[in-house]
Amino acid sequence: MGSLLEVDGRRGSSELRWWSLAVFLAGLVALGMFGYAQQLMHGDLVSGLRTIGQGGAAWGLYIVFDITFVGLAFGGLVFMTVVRLFHLRALRPLSRMAQIMALISLGMAGLCVIADLGRPLQGLLNFPKYARPMSPFFGTFSLVTCTGCVATFIYLWLDSRADAATQAARGGFLRPLHLLMAAGWRNTPAEAWRHKQTSYLLALALLPFMLIGASTLGFVFGIQAARPGWFGTLQAPGFVVLALISSMGVLTLIAAAARRKPSLAAAIRPEIFGWLGNMMWILTAVYLYIVAIEELTASYAASAVETRVADSLISGAYAVPFWTAMACFVVPAVLLFLQFLRRRVSVATTVICALLLNAAAIVKRLLIVVPSQTEGLLLPYPKGHYLPSWVELAVIGGLIALGVLACLVFARLFPIVPLITLADERSVPHADERPKQRASRLFLTGATLCAGLALAVTGFLLSARFGTERWQDPLVPFSPILFISGMVLIFGSALVYELLPDAGKRAPDPVNR
Amino acid sequence: MTTSREQPRIDRRDALRALSLTGLGAGLLAGCEAGEDPFALTKPAVPGADGWMRGEERWVSTACGQCPAGCGVRVRVVEGRAIKIEGNPDCAVNRGGIGPRGLSGPQVLYDPDRIRQPLRRVGARGEPRFEPISWDDALALVSERLRGLREKNEGHRAAIVCGRERGLMLELWQRFAAAYGTPNLIDGMSTENGPVADAMHWMQGVREIPAHDWNQTRYVVSLGSGILESSCQLVYFARAQGSMRRGAAGSRAKIVHAGVAMTRTAMNADEWIAVRPGTHAAFALGLAHVLVRDGLYDQAFVAEHGFGFDAWKDEQGVEHAGFKAALLEYTPEKVAEICGIPVESIARIALDMHANRPCFALAGSEALLASNGVRAAMAVHALNALLGSIDRPGGLLVQRQAPLADWPEVEPDEIAVAALAQERLDGAGGPRFPLASSVLDALPEALLSGTPYALDSLFLYYANPLFSRPDPARWRKALEKVPFIVSFSPFLDETASEVADLILPDHSYLERWEDAAPAPSIGFAAFGVRQPVVQPLYSTRASGDFVIQLAKAIGEPLEEAFPFADFKDAMKQRVVGIFSAKRGSIVEEKGNDFLKRLYGSGYWNDDSYPFESWEETLRTPSGRFEFFSQSMWKAISEIATASGKTPAELLAAHGLPGDLDRVCMPGYDEVSWRGKSEEHPLALILFKPNSYPVGGGANQPWLQELTPWTGRRTYTTEAELHPDTAQAAKISDGDRIEVASGVGRIEVVARISRRVLPGIVRIPQGGGHTAFGRFARGWGANVMDLVGVVPGSSLSGVPELCGTRVAIKKVQA
Amino acid sequence: MKRLLFFAAVLIVAAGAASAVFALRRSPPAIVQPIAFDHARHVQEELSCLDCHKTAETSPQASAPLIATCMLCHNEAKGLHPDEPKIREFAERGEQIPWVQVNRLAGHVYFSHAMHVKLGKMECSECHGDMAAATLPVTRSQVDHLTMSRCMACHSEREASNDCLTCHK
Amino acid sequence: MSFLRTATRRGLLGALGLLGTGAAAFALAPLRRVRMAIDDVRRKGRGKHWWGMAIDLDLCTSCGACVVACKSENNVPNNGSAPDHAGAGIAWMNLVPKEGSESNDPIELLPTPCMHCENPPCIKVCPVNATYQNDEGLVAMIYDRCIGCRYCEIACPYSVRFFNWTEPNWAEEHKNLLNPDVSTRPEGVVEKCTFCSQRLRKTKENARLDGRELVDEELQKLPACAQACPAEAIVFGDLADGKSRVSRLSRSPRVFRLLEHLGARPKVFYLSRDRRES
């Protein structure tokens, strides 16, 4: 019960709120599991999905939320890295929220894909066996969900060592956990300096990496020549921008939620929301621009089917959701823009806009995924239609609930806002002159890094079936795992660099003092 | 595509299982499921399988039994199980090709809802409650009842409905009827193919549908014929159509389809002429008119082999007008007006036909199954005669029969003779239906009225009137009146499950010995043997064998009428004829070698057709092609006098204009529609989709998942409507609509399409089963609920499947 | 800390259960043949494999013989084996001997004896071991050890096709 | 302090550039591999045979024999009449309206098997290599690898790939008619037409056992659909053999292929007097 106690006077009521909320969410999760069990028993027939060309769509809600969660993760990482790289002190209070959001939604994304698979068990077995980079799914699955998770976790961990140490110092039944997290943080200038270095480089590495991750999702759709409405070069950028929008939105929500705790209210100043709001309206503007281009091109397109899909959105079967989504993009954008002009930030407005934008983003994704399957049929099959079944809704609901629950628990076990910012970084010693480095540290780090790179490259090439028949098993079994572990090592080198203990004189342990 | 997406119901057990599954449980269970091999399912044990070596595979030749076509097939049997059916290249009918029906055979054999032993009804009729009984008991039961009837000199109170149009099973039943002594044998010819066969009968003296020389013809006019979807020769016609289509345009033969809808036939024709329902005859006569007017008809043929074309005198010296005179009224203008088609098309087609001889015209159910059916058929037939296409290369042929030996003559004893003299229940050949040989659809009226006498026992072989005949409700009422009903159906169909007191399940056609006389198609003689490809799965019994055993059980005098061990033996006695004829595809010195080869290849045929052998093909009183049917004239006059009336009065009694000469010549009468045009403005056209083999086929998923027409919705009955028709009733595609006639109402799905004329509702048969197994039950609607049973107006008792008016309205859901 | 331990324990138990399930699936119960058939004895009688497994050279299956084949020799008692009378009992009852198939391939695998024996010129023993020495009936699959990789290795060294469709259906 | 900032800036720029290029390379690698895959399919030293099919629409009467024959040969499960099964049906060979799905009155039906494209879009997207093209141009599934993500179904322009939405529900008796030469497919895998590879294999093996080459006559009607077709409209054969019937037909002036503009280069050739493309 670490951080909640000391600041919060009205403990009882907040306790009650917390637990009731947790129980409610747990219930949703249980419902989701029940729904998924249905799917395991009766097959995907219980979903609203059906065969393309026979009046159905083969992809639906699961894929939509896979995109959503990957987007959130991407956005979260971008946020934290940007904060770190450009020393945006003002936003630092949100960085940990962003990290948590990224970490959790990566997990959710993975689960979404699993839920979509016809043979989940086979999926877990066969993906590490046969995965091939030529398929964009390789990116989403191995890169994003596996490697991304690890990388983010590492960053999160390193970044929260100092706080963990302080928490541990406070004692409490979670002390062992905190000690584990602190990983012997002694608050020495050297450590602080080193941490700055690592977090800096990590951030630098993560940014483009996640960019690729988010883009591969775009590729999944962009490269489908047979699916009018998808085929195009704008998919990847579109996905990226949309991802940023929704992640900024969710971040706003989390911040707002955290802010309800008096102890944090001070730290999460309204300016932060102003900044988020600005990000949102700018990004939304960009996105609307992209959408406009897409629809315009499509409606001029020679291909009859291309136009049919476009029309189905603008004036056809999907017009209502489409224009609703558009409205939910435009209205908040305008509101936030006004807020920007008026230079007065209203948290409430920002939150509402964030909600609207996220709803819009999800609907828009649904409108990317579905119509090209139901309307974009190149042969004169009858048009299809798709309505999510209760099972799909339950599973997705369960997943979201799971995510929120995880957030809550984390917030309960650990300061959701870096304590250091609470103390205006007074506790962090300024380490201006560079301390002496151990040669072995640099060497080991380099070694891990190189090993990682080597592994990753070989794993990649092997799973790309270089030198073998395309249909054969990779020369080295489980070479996709090689690739993933390679990536993990690359990021793991950061751990090596930072956690390798210093030789020589031990600074007094602040925890066991 | 569909709109309803209801999820599987979840009961408590499910819920519990689900919970037990969730999380880790799920993983484990999935793991166990992977335990038994998903890629090869274990098959249930079947009798005789253990006699096969592992993986042993044989190809058995037999004849398809899914429709009257009698295609030769080869069945792949692996470890005693029939796996797949393919066409038999040795068979002259299909030459290795095979249709969807034939391919679905295994699903008949292995239908999970087949009847597995004889069943006797326990409890009231209506609900399907039966007890299994042994074959011996069943035999005793039936034979005693029949013997009892004979002893009371009431043999005629037993009736047999045999759903076959030809073949030895029909002859066996006829033999039984003759020896036992009942006039009430009703055969399958009294149904869809009736009018064509009648036309042949009255004008050529052969009661059989004609064959056509597709390979040499250069032009075909199809008058509402469903050769590519509803005919009894789908495979042959598809093949023929294909052979016509080879070669470059110009040299290729042309097909013109005149009909009310863009059917598969029309789709594959070169031209579709949309004529109003029931006016096909007028169109044919229009063509004839043009040919005669321009002197383009085959004068030589008419002169040498024609009768009644010009005016003629009979023995009494009475002058009769000829067909030529009758034709005068059918001027292109008038016909165009009747049919609702451009005038020019008539002359154009007529000249085209003449230019592209040899050519022929053929009519189908849509044109014939109405009150004016027989005369319409005669009109088309006359057109063929005028084109000189009778028994000529590229024209109409008379199907030659295989030279089967005869069974010994039957000598009915006096009881039988007396019974046979009785009036037929269905009134065929009597004042009721003077021109009919048998009228299945007249039974309900007779049974309900109990005239001329009440029926005691009814035997249903290949007949399921409670589903497949007009107005099932009325049939149900009527059959209630029959104290003892026996069905030979291998499946628990509507009739069997609702009214049959005793069910004696027949083998499926892949388990029994039988002949397969192909429906007229190739012209030349062919004989197919249907033989067991696998051991019978259940304790069923070939009905042929049962009939023979029944005769023996009844005893004197039927015993000596049936000197056969079993049906196979009976068949062999006939096949001897082919053997001793020493011609055709199989010629052998020794009888056993002949049989071995016959059973081996499954087919015998003699692929030479003797054209222009008139004594064979023109068996009319005059020995000529009778444009004016003397035999019909004679029949009507005799029956009239017998019932103490003048012919005119007899006709009047049927609501026909009193001119007998007119009736005896081809012509066009307006269809006497059922239902007034006020409350029932639309014409109902029903058809058999090609997924509708003998006995339904609704229990064969392969056929049902083949859409009945060029649409995609399966497991439902659709009514095809023209956009205008639909708009008038505010109906859009996919709506549930109610179709109502004077007889009944059904609910179907609307299918908006420009492929039908306005003012028409086109509905396929085959949906709406209430029994007949898990795959058939519970979807679609039975269009027969809309059609009434035969009225008085028809002389030949034509089932008026396309003579009903209906109204449609949207069902508010 | 305790909780961590507890979770760990749960996971371990779960894993154990899972592996148990898999283990159970691995080992099918030993098969009992209706007659304690003695291959060695028959080989001594100068019988070749193909005399009984007739179709091994002509069809995918090698096929076990039908009882008629057995009766060619065993129509009168040889009195060499306690189980021998059973053969005639089966024959008198007009039954086949209900041999249990031992060597089963996965449902999606196609294997042709003809191709391997006639074209591949392989000895039966290469897969089935030395049956000439087997005095007791086969009760466990002899081909379990033939994993896909081994099939493919052999195929590539004998330059047989390794295309999936060659052996998978 | 100042040092740090400069260092930061330099480092930032440098590292960004570095990682940017790396990232680009990484992103493009898969695409380049796809290109290569396409190319070596193009100039692939194809096996002795290159299987293809010709369907003469002038002969076809759309009777549906091919559809049923295919189901019977390949153990394709029945869909059943349950409402929630609608749209879950499987038909490797299917009758597709050739025109006017809009006005809902097709003029003609096309028998549509898998096109076995020379450049198959479905294969490129499979995440687990569960589908591939063999040296003779057959596009085949590897059921055991398939994880059921349905990406290939999405990628196929002709919608001839089918997903098993639920465990195939064979009536116990119906199991008798399953073809032992073809494996049944469990729930959750994608399946498709194989040009009856099992029949092809059998024919090949018989030829080899008789020590002879394959002849065109035995191939023309090899797949179940071609064998059944009453009008003999479907012809199968070896496109690599210039004299085979199918390759002669594939050069006919009446020939067209579906959606040629996509560049998938299907190996099913349709023949029609008026070359109406759908």
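Note that the structure is a prediction, hence the values are computed from the model and not measured. Only heavy atoms go into these numbers, but all of them, side chains included; no hydrogens, no water, no symmetry mates. Residue numbers begin at 1 in each chain, while the letters A, B, ... track the order of the sequences.
- The most heavy-atom pairs under 4.5 Å with chain A, out of D:Gly188, D:Ala130, D:Ala140, come from D:Gly188.
- In this structure, the side chains of A:Trp230 and D:Ile154 come closer than 4.5 Å at one or more pairs of heavy atoms.
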Candidate pair A:Gln224 and D:Val125, rule side-chain contact (heavy atoms from CB on, under 4.5 Å), full reasoning: CA-CA 9 Å; A:Gln224 292 312 321; D:Val125 300; 3.3 Å; yes
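- The distance from the OG atom of A:Ser47 to the CG atom of D:Asp84 is 10.5 Å, given to the nearest 0.5 Å.
- Ranked by non-hydrogen atom pairs under 4.5 Å with chain D, the options A:Pro120, A:Ala226, A:Ser463 are led by A:Ala226.
- Proximity of a side-chain donor or acceptor of A:Tyr130 to a complementary backbone N or O of D:Cys146 within less than 3.5 Å is not detected.
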Step-by-step side-chain contact (heavy atoms from CB on, under 4.5 Å) determination, A:Gln54 to D:Phe162: CA-CA 10 Å; A:Gln54 294 188 21; D:Phe162 297 89; 3.2 Å; yes
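- Between A:Pro136 and D:Tyr151, the shortest heavy-atom contact is CG-OH, 3.6 Å.
- Contact annotation: the side chain of D:Arg150 approaches that of A:Leu49 to within less than 4.5 Å [non-hydrogen atoms, C-beta and beyond].
- Two residues are said to be in side-chain contact when any heavy atoms from C-beta on lie closer than 4.5 Å; D:Asn129 and A:Asp473 fail this criterion.
- In terms of heavy atoms, A:Gln39 sits closest to D:Glu187 at O-OE2, 4.3 Å.
- One finds the CD1 atom of D:Ile90 at 7.0 Å from the OG1 atom of A:Thr51 (value rounded to the nearest 0.5 Å).
- Among A:Tyr62, A:Phe137, A:Phe127, the residue with the largest count of heavy-atom pairs under 4.5 Å with chain D is A:Phe137.
- Side-chain contact between D:Ser159 and A:Leu377: present, with at least one pair of heavy atoms (C-beta onward) separated by less than 4.5 Å.
- At a threshold of 4.5 Å between non-hydrogen side-chain atoms, the residues A:Asp44 and D:Thr166 do not count as touching.
- Counting heavy-atom pairs closer than 4.5 Å to chain A, the top-ranked of the candidates D:Cys156, D:Pro121, D:Pro157 is D:Pro157.
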Run the side-chain donor-acceptor check on residues 210-223 of chain A: report pairs under 3.5 Å with partners two or more places apart or on a different chain.
| residue | atom | partner | partner atom | Å |
| --- | --- | --- | --- | --- |
| A:Ser215 | OG | A:Leu211 | O | 2.6 |
| A:Thr216 | OG1 | A:Ile212 | O | 3.3 |
| A:Thr216 | OG1 | A:Gly213 | O | 2.4 |

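- Distance check, rounded to the nearest 0.5 Å: CG of A:Leu124 to CD1 of D:Ile147 gives 9.0 Å.
- In this structure, the side chain of D:Arg145 does not engage the main chain of A:Asn126 through any donor-acceptor pair within 3.5 Å.
- A:Leu117 and D:Cys149 make their closest contact through CD2-CB, 3.7 Å (heavy atoms, listed as atom of the first residue, atom of the second, distance).
- For residues 118-146 of chain A, no pair satisfies salt bridge (charged side-chain N to carboxylate O under 4.0 Å, His left out), with sequence neighbours left out.
- You'll find the side chain of D:Glu167 stays beyond 4.5 Å of the side chain of A:Leu45, heavy atoms only.
- Side-chain contact between A:Phe138 and D:Pro127 is absent, with no heavy-atom pair separated by less than 4.5 Å.
- Between A:Gln122 and D:Asp144, some side-chain heavy-atom pair lies under the 4.5 Å cut-off.
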